[in-house]
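By convention in this document, chain letters (A, B, ...) are assigned in the order of the sequence lines, proteins followed by strands, and residues within each chain are numbered from 1. Only heavy atoms go into these numbers, but all of them, side chains included; no hydrogens, no water, no symmetry mates.
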Amino acid sequence: MNMEKSYDPKNIEQKLYSTWEENGYFESGIVEKDSYCIMLPPPNVTGSLHMGHAFQDTLMDALIRFNRMRGKDALWQCGTDHAGIATQIVVERQLTQKGIARQDIGRKAFLEEAWRWKAESGGTITEQLRRMGSSMDWSREKFTLDDELSNTVKQVFVSLYREGLIYRGKRLVNWDPVLKTAISDLEVVSEEEKGSLWHMCYEMEGTQEKIIVATTRPETMLGDTAIAVHPEDVRYKHLIGSSVKLPITNRLIPVIADDYVDQEFGSGCVKITPAHDFNDYLMGQRHNLPLINIFEDDATLNENVPEKYRGLDRFIARALIVKEMQSLGLLEKIDDHTLMVPRGDRTRTVIEPYLTDQWFVQVAELAKPAVEAVEQGDVKFVPENWSKTYFDWMNNIQDWCISRQLWWGHRIPAWYDEEGVIYVGTDEADAREHGGVPKSVALRQDEDVLDTWFSSALWPFSTLGWPEKTPEFKQHYPTDVLVTGFDIIFFWVARMIMMGLKFTGSVPFKEVYIHGLVRDAKGQKMSKSKGNILDPLDLIDGIDLSDLVNKRRAGVMKSGDANKIELETRSEFPKGIESFGTDALRFTFAIMATQGRDIRFELTRINGYKNFCNKVWNAARFVLSVVEQYKGQTAEKDLIIGVPEQWIRERFRASIAQVVKGFNEYRFDRSAQSLYEFVWDDYCDWYIEVSKVRLYREGTSQQVKDGICSVLIEMLEDLLKALHPIMPFITEEIWLKLRPILPARGESIMLEPYPAPERHDDAKAVEIFEWLKEFVLGIRRIRADYNIEPKKVISLSVFGNNEEQLGWLQQNEDVILTVGRVGNISLAKEPLIEAATSLVGELTLYIPFDGLIDKNAERIRLQKELEKAEKVARQTEKNLENQSFIEKAPAKVVEEMRARLENSASAIVKLQAQIVKL
RNA sequence: GGGUGCUUAGCUCAGUUGGUAGAGCAUCGCCCUUACAAGGCGAGGGUCGCAGGUUCAAAUCCUGCAGCACCCACCA
């Protein structure tokens, strides 16, 4: 059996993945087994994998593999999203570089471009998902613009429309003047920015009186249709009902009273622009004010403003308005002011409230059952506190603007006749039939497409073939868990719950696991523009410094920033990034996936877990070589299973119980931690070391040797299986090498049953082995404290009259002799003086000075031990002297406390005596 | 203006119904011992953000405060 001396993930991973995929191991069968199903949050089809994906995919894959091994019919439904805005921006940018605007080539040609781009780059992310080891069912891969999914979209749209839950109307919406499309509230991000508050003077009509209004957007004055004051404001009460002459346009507008106005802010007078502000719009409705739209769709000024301002950009117009007001002597003052500026999440441009015809979903009615589902626990958020966030949003939910003035997406299935009457249907024929429109009447389809999130909201059932009653839908819906980030609870999670309940009658998933954000080592959010992103593939394969620098510089806009980023990158990664392999990356994600906290990704951590991979690799290398050398033909029933064997089995049982619990509770950190400790501390540091002694020693019977070999193998296989959901590649690679010496097994570790936490009744063995560990540690501490050369063989004396422990000593003498580098062990009839001392259970072990140890040093060492014991004694005494402790604390705790005091007291006596003698 | 999370060793973080404060990395010794130097063996290091309260007992429960981060919200 040949294994390289150290683990090298290169070459192994991709080969194994191809085998798995080719053999169909990822595919769910519709079989007589319980389903376990996860929906992959579909990544943008033309996107590429970032650390957030890698993290999320690791967790999902761990769950899927774990449940598959536990005998479930596991389906990880995968696919990609057409990502309307994001993809359209990319394609438009490509056209712009060729000097073409999308309007030049028209809708049809543009869509061909977009599909071409999808074909070209659509494989990137799916290939990267494969590199992560993701065991998703590729045979069922979907795309949101597939015919099947598009049909679902149309059906849902038509059905909601006919029920009156979708309507079209002229409303003030968030308008992105760069993309020239409406966007939803969620796609607007408000950011605090420094700006100004301009105080402008308006003259009253007919009197000389002036009033002052404060505004952050002077240019919108061209669309003002009122001035509002508070009805109780004594300063302005007398003006209510009179008119103001709006400067520049010289229109007359009324002064109105509305208690929305805050008397304390600014001057207490508010200019009202109903067509360009959400509050003003509402106020306009209350007071029947006219709406004057002053913008074109690109936010240049339109024909409703004085001629000199027409065609100007809004910000240029702003400056000119301020200048003109100033020259008219109507600019009172300018204050610095920080305000929340609404920006588009894709374009970062300032969003305009803009009056247009759009399609909306009336959400309140859908939200109600979706809230109840979470209240009743049909959907559970993990961690639980996210349900509060969900409730807060759902209880204040606004109608959802679902139309986008884009081309890439699901075209709205609505048609208009000459008079603009709307006919909705799954296709034109259906719309005609439903609306009773004869063939002779020409219909034209709505130009707009649906918000990408509309189709995403249907993902859990559209991918399973709904509305057809497919076997997949029956088997896998509702799905088990949705794994996602908090940032799309509103965008996606809430909407899936609403749509799922509305159309399938049940929730789309039973649990929602919300994970944290992956940040850089300094705790900063990773972003291209900050130049601090790490590419998961670079962590897997490694990257040299110059490539890394170039990659990071490329994401940055300003060249000054790029230089700064280059410097930072060079100091943080002086040698670039070495190759860590997928398993190390995945293990890092898993062990850092605690709940309710973001994770900081540090190279030191992943490096540590790469070492862990190597540790597993070498343990396996050891087991395989040792088995080859020492294993005989002992029959199963004749194997001698010793104390260490019983102990390691019990340790595994306890560990695997923790691991299973961790997976069930989405505490991947605990599962991973528990596995790490078992493999390294228990299996490698103790069991393997102790096994060596007994295998290498002459005179060990073949039954014992075969017992050891069989448990070495058994534990190795079990730990590989236990680790497999987190580290799929290395575990498979080793398991395949191990398989020839295992009883009949299947083709792949991923199809093997997950180890179960079976009961072993090995309490005694555990007690003995833990005692043995203490004994060895006692020797090691003395050796280390006195710098006794590791090669130096020492003698040992033991004093004590605990027959049981003396028996353990005798039974395990060989282990102590070898692991402790001890030449011989003798029993002392009385305490020794000229020796270093260590207390182990009821026994005292002595290492005679023999010139190795200085008497004074030993006295100091014992003094320290004594202080420790005294501290414990004081603490426990304090408790036990307290009457109310004895009365009120549980008996078990009191008992423990007594035992602890007894132990420390006996240690104190022994240590004091020894110190005195010295 | 509301809301959520965080504050524990030098760093990054665990700490599950309250019952002797833990890990990894880093640091300091000693070892290239035939699975692994990507390793082994050992050591040092913490008034658990601050102030109160509940309790026999508080890192853990309650209240208040401070700092940091994030989310939501129409103050011109």
Side-chain angles (χ1 to χ4, degrees), chain A residues 3 5-7 190 197-198 213-217 220 228 260-262 264-273 277-283 337 339-340 353 383 385-386 388-389 392-393 396 486-487 489-490 516-517 519 521 523 525 591-592 594 596-605 607-626 661 665 667 669-670 673 676-677 684-685 688-689 692 696 777 780-785 787-791 818-819 821 871-872 875-876 878-879 882-890 892-894 896-897 900 904:
Chain A
M3 284 177 78
K5 197 175 171 190
S6 56
Y7 176 58
S190 286
L197 194 59
W198 286 273
V213 296
T215 182
T216 54
R217 302 201 53 194
T220 62
Y260 160 77
V261 178
D262 177 359
E264 307 296 316
F265 190 88
S267 62
C269 298
V270 189
K271 60 187 274 306
I272 304 300
T273 322
D277 183 283
F278 287 100
N279 285 315
D280 294 4
Y281 180 77
L282 293 174
M283 200 181 292
H337 184 66
L339 69 163
M340 298 297 277
N385 54 289
W386 286 109
K388 191 174 162 51
T389 307
D392 286 349
W393 189 71
N396 295 300
F486 64 88
D487 49 331
I489 290 180
F490 306 145
L517 207 67
R519 298 171 175 276
K525 214 164 158 174
I591 206 162
M592 297 187 76
T594 59
R597 200 196 260 270
D598 291 345
I599 67 179
R600 288 193 191 201
F601 197 90
E602 295 173 300
L603 252 36
T604 54
R605 291 299 290 269
N607 191 55
Y609 301 121
K610 183 191 179 191
N611 295 351
F612 178 60
C613 291
N614 195 48
K615 191 76 180 173
V616 173
W617 183 260
N618 273 289
R621 201 157 71 94
F622 168 79
V623 171
L624 288 171
S625 77
V626 109
K661 190 163 177 275
E665 293 171 351
R667 290 303 306 259
D669 58 325
R670 291 183 182 166
Q673 186 70 31
Y676 185 94
E677 284 166 5
C684 292
D685 286 352
I688 285 185
E689 290 309 316
K692 279 180 190 171
Y696 295 169
L777 287 172
R780 281 179 183 166
R781 264 193 294 264
I782 292 172
R783 296 194 74 122
D785 283 349
N787 276 336
I788 299 172
E789 281 177 64
K791 280 178 186 151
T818 319
V819 178
R821 295 241 160 199
K871 196 178 158 198
V872 174
Q875 275 175 349
T876 47
K878 207 175 121 195
N879 273 319
N882 185 339
Q883 198 53 39
S884 41
F885 170 75
I886 307 277
E887 283 164 15
K888 293 181 180 169
K892 198 181 144 211
V893 175
V894 177
E896 273 170 22
M897 206 64 84
R900 199 184 303 159
S904 55

Next item on the list: Check the distance between B/C13's C1' and A/Ile599's CD1 and give it to me in whole angstrom.
Entry: 11 Å
Next item on the list: Inspect the surroundings of CD in A/Glu665 and state if more than 12 heavy atoms from other residues, nucleotides or ligands are less than 6.0 Å away.
Entry: yes
Check: Donor-acceptor pair under 3.5 Å: do we get one between A/Lys871's side chain and the base of B/U20?
Finding: no
Margin query: Please give the distance between the P atoms of B/U20 and B/A58 as a whole number of Å.
Written below: 12 Å
Notebook entry, point to check: Under 4.0 angstrom, heavy atoms only, what part of the nucleic acid is A/Gly608 near: base, sugar-phosphate, or nothing?
Noted result: nothing
Checklist line | Comparing A/Tyr676 and A/Pro790 on RNA chain B - which has the more 5′ nearest nucleotide | finding: A/Tyr676
Next item on the list: Rounded to whole angstrom, note down the C1' distance from B/U60 over to B/U55.
Entry: 13 Å
Next item on the list: Could you label the plane-to-plane angle of the A/Tyr609 and A/Tyr676 rings as parallel, tilted or perpendicular, counting under 30° as parallel and over 60° as perpendicular?
Entry: perpendicular
Note to self: Check for me whether A/Lys878 meets the cation-pi criterion with A/Phe885, that is, NZ or CZ under 6.0 Å from the six-membered ring centre and within 45 degrees of the ring axis.
What the structure shows: no
Next item on the list: For the pair A/Phe622 and A/Ile688, evaluate side-chain contact (heavy atoms from CB on, under 4.5 Å) and give the outcome as yes or no after the intermediate values.
Entry: CA-CA 9 Å; A/Phe622 168 79; A/Ile688 285 185; 3.4 Å; yes
Next item on the list: Starting from Watson-Crick (N1-N3 plus N6-O4 or O6-N4) and G-U wobble pairs under 3.5 Å, report the runs of at least three that RNA chain B belongs to.
Entry: B:1-7 with B:66-72, B:10-13 with B:22-25, B:27-31 with B:39-43, B:49-53 with B:61-65
Next item on the list: Could you tell me whether the phosphate oxygens of B/A35, OP1 or OP2, come under 4.0 Å of any side-chain nitrogen or oxygen in A/Lys692?
Entry: yes
Check: What distance do A/Arg217 atom CZ and A/Lys271 atom NZ have between them, rounded to the nearest 0.5 Å?
Finding: 8.0 Å
Notebook entry, point to check: Does A/Arg783 reach the main-chain N or O of A/Glu789 with its side chain, forming a donor-acceptor pair under 3.5 Å?
Noted result: yes
Notebook entry, point to check: Quick one: are A/Arg605 and A/Ile591 in side-chain contact, heavy atoms under 4.5 Å?
Noted result: yes
Checklist line | For atom CZ of A/Arg783 and atom P of B/U33, their distance in whole Å | finding: 15 Å
Margin query: Work out how far the C1' atom of B/A14 is from that of B/A9, and round it to whole angstrom.
Written below: 13 Å
Note to self: Please classify the nucleic acid contact of A/Gln673 as base, sugar-phosphate, or nothing, using heavy-atom distances under 4.0 Å.
What the structure shows: sugar-phosphate
Note to self: Tell me the interatomic distance from A/Leu517, atom CG, to B/G5, atom C1', rounded to whole angstroms.
What the structure shows: 13 Å
Checklist line | For atom CZ of A/Arg597 and atom P of B/U12, their distance in whole Å | finding: 10 Å
Check: In whole angstroms, how far is the C1' atom of B/U20 from the CD atom of A/Gln875?
Finding: 6 Å
Next item on the list: Would you classify A/Asn396 as touching base, sugar-phosphate or nothing, given that sugar-phosphate means primed atoms plus P, OP1 and OP2, and contacts are heavy atoms under 4.0 Å?
Entry: nothing
Check: Does a side-chain N or O from A/Arg780 land closer than 4.0 Å to OP1 or OP2 of B/A43, or not?
Finding: no
Notebook entry, point to check: What does A/Leu777 touch in the nucleic acid at a heavy-atom separation under 4.0 angstrom: a base, only the sugar-phosphate, or nothing?
Noted result: sugar-phosphate
Next item on the list: On RNA chain B, check which nucleotide each of A/Ala619 and A/Arg519 is closest to and give me the residue with the more 5' one.
Entry: A/Ala619
Next item on the list: Answer with yes or no whether A/Arg667 presents, from its side chain, a donor or acceptor under 3.5 Å of a partner atom in the base of B/U16.
Entry: no
Next item on the list: Report which part of the nucleic acid A/Cys684 touches: base, sugar-phosphate, or nothing (heavy-atom distance under 4.0 Å, all strands).
Entry: base
Notebook entry, point to check: Given B/A43, B/A35, B/A23, which nucleotide is nearest the side-chain atoms of A/Arg781?
Noted result: B/A43
Next item on the list: Would you mind reading off the distance between A/Lys388 atom NZ and B/C71 atom P, rounded to a whole angstrom?
Entry: 17 Å
Item checked: N/O donor-acceptor pair, side chain A/Lys615 with base B/A38, under 3.5 angstrom -> no
Item checked: Nearest-nucleotide pick for A/Arg605, side chain only, options being B/C36, B/U12, B/U33 -> B/U12
Next item on the list: Provide, to the nearest angstrom, the distance between the CD atom belonging to A/Glu602 and the C1' atom belonging to B/C13.
Entry: 9 Å
Checklist line | Distance between C1' atoms of B/C62 and B/G46 (Å, rounded) | finding: 25 Å
Notebook entry, point to check: Quick one: NZ on A/Lys610 to CG on A/Leu603, what's the gap to the nearest 0.5 Å?
Noted result: 10.5 Å
Next item on the list: Find the distance between CD1 (A/Ile489) and CH2 (A/Trp393) and round it off to the nearest 0.5 Å.
Entry: 10.5 Å
Next item on the list: Can you measure from CD (A/Gln875) to NZ (A/Lys871) and round to the nearest 0.5 angstrom?
Entry: 6.0 Å
Margin query: Rounded at 0.5 Å granularity, tell me how far CZ in A/Arg621 sits from NZ in A/Lys5.
Written below: 6.5 Å
Notebook entry, point to check: Counting only N and O atoms by type, is there a donor-acceptor contact under 3.5 Å from the side chain of A/Asn614 to the main-chain atoms of A/Tyr7?
Noted result: yes
Item checked: P gap between B/G22 and B/U47, integer Å -> 15 Å
Note to self: Could you tell me how far B/G3 sits from B/U8 if I compare only their P atoms? Round to whole Å.
What the structure shows: 25 Å
Please write out the pairs of protein N or O atoms and N or O atoms of nucleotides 72-76 of chain B separated by less than 3.5 Å, giving the distance to one decimal.
residue	atom	partner	partner atom	Å
B/C74	O2'	A/Asn279	ND2	2.5
B/C74	N1	A/Asn279	OD1	3.2
B/C74	O2	A/Asn279	OD1	2.9
B/C74	O2	A/Asn279	ND2	3.4
B/C75	O2	A/Asp262	OD2	3.3
B/C75	N3	A/Asp262	OD2	3.0
B/A76	O2'	A/Ala214	O	3.0
B/A76	N6	A/Asp262	O	2.4
B/A76	N6	A/Phe265	O	3.0
B/A76	N1	A/Asp262	N	3.1

Next item on the list: Kindly indicate whether the side chain of A/Val819, heavy atoms from C-beta on, has any atom under 4.5 Å from the side chain of A/Arg780.
Entry: yes
Note to self: If I pick the C1' atom on B/G1 and the same atom on B/A57, what distance separates them, to the nearest angstrom?
What the structure shows: 41 Å
Margin query: Taking only the C1' atom of each, what is the distance from B/U54 to B/G64 in whole angstrom?
Written below: 15 Å
Notebook entry, point to check: Between atom CZ of A/Arg519 and atom CD of A/Glu602, what is the distance when rounded to the nearest 0.5 Å?
Noted result: 13.5 Å
Any N/O pairs under 3.5 Å between the protein and nucleotides 56-59 of chain B? List them or say none.
residue	atom	partner	partner atom	Å
B/C56	OP1	A/Lys888	NZ	2.2
B/C56	O4'	A/Ser884	OG	3.3
B/C56	O2'	A/Asn882	ND2	2.9

Next item on the list: Specify the separation, in whole Å, of atom CZ of A/Arg600 and atom C1' of B/C25.
Entry: 14 Å
